[in-house]
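Let me begin by presenting the structure, written as structure tokens, before commenting on it.
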Amino acid sequence: LRTTQVSQKPMGRGYQHKGHAAMALRNDADYDDAMPNGDTPAILFVCLGNICRSPLAEAAFRRAVADAGLAVEIDSAGTGDWHVGKPPDRRATALAARHGIDIGGYRARQLAPEDFHRFSHIFALDHANLEDIRARQPADGRAQVGLLLDVVPGREGQAVADPYFGEEAGFETTWADVTQAAAALAARLGE
Ligand code: 4NP
């Protein structure tokens, strides 16, 4: 289990705090040992490209858990591979910066088979993402897969708006969606 920071995320395979070893509460070997028990909350946000919606969900949730003093493993990924290795969309980075969060160091990665074992929860940003994730879900994975806005009372079954092909203002709608979900998730974890 590790503490989280708002503006920094694990790089590489997602669990190495390069240059932030002091942040780790235990080493990777401990983490791997703990995973099969399913005790560690580990949450993955998944959209299509991992450059707009899921990085914003990740950023919002990192802030929410930091504010709540919770320790949770957090990452994001895309179902597609077009943007692997790329930083978030500049509009998403600008949006996050307006809200005081630096996501410029995030790098897109694709959803991987081991994610179903590493994460306790995988949240899809929209229905297509949810279908794609479920199609790749192994029978022995521990991850519970669901739609992100299902965690928000009154918004069950709704998709987070995809701002990629729209106007810049769409990113604020996305941000409102993911911050709402982040708050609801953090509250649930804190119970
Ligand atoms: P995201 O947004 O899934 O929220 O990261 C998109 C990113 C890329 C594309 C579509 C949506 N694309 O078509 O490349």
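We count ligands from 1, going down the list as the structure has it; atoms in each ligand are counted the same way. Keep in mind that this is a model prediction, so the values were computed, not measured.
Leu111 is not connected to Leu48 by any chain of hydrophobic side-chain contacts under 4.5 Å among Ile, Leu, Val, Met, Phe, Trp and Tyr, and they are in different clusters. Tyr164 and Tyr106 are members of different hydrophobic clusters when ILVMFWY side chains are connected at heavy-atom separations under 4.5 Å.
The residues Asp177 and Arg155 are annotated as salt-bridged, a charged nitrogen and a carboxylate oxygen being separated by less than 4.0 angstrom. The residues Arg109 and Asp75 are annotated as salt-bridged, a charged nitrogen and a carboxylate oxygen being separated by less than 4.0 angstrom.
For the residues Tyr164, Trp82, Phe45, the heavy atom positioned nearest atom 11 (C) of ligand 1 is part of Tyr164.
Nearest to atom 1 (P) of ligand 1 among the protein's heavy atoms is Cys47 SG, 3.4 Å. Closest to atom 14 (O) of ligand 1, if we only count protein heavy atoms, is His83 NE2, 2.9 Å.
At least one N or O atom of Cys52 sits closer than 3.5 Å to an N or O atom of ligand 1. For ligand 1, none of its N or O atoms has an N or O atom of Ser54 under 3.5 Å away. Between Pro163 and ligand 1, no pair of N/O atoms sits closer than 3.5 Å.
Other residues, nucleotides and ligands contribute at most 12 non-hydrogen atoms within 6.0 Å of the CD atom of Glu167.
Under 4.0 angstrom from ligand 1, the non-hydrogen atoms of Phe165 all belong to its side chain. Neither the backbone nor the side chain of Asp89 comes within 4.0 Å of ligand 1, counting heavy atoms alone.
There is no side-chain donor-acceptor pair under 3.5 Å between Asn129 and Asp132.
Under a 4.0 Å criterion applied to the non-hydrogen atoms of Leu48, ligand 1 contributes the atoms 3 (O), 10 (C). Close approach of ligand 1 to Asp162 (heavy-atom distance below 4.0 Å) involves ligand atoms 2 (O), 11 (C).
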Where do Asp150 and Phe123 land on the side-chain contact (heavy atoms from CB on, under 4.5 Å) test, with the steps shown first? CA-CA 9 Å; Asp150 275 353; Phe123 287 109; over 6 Å; no
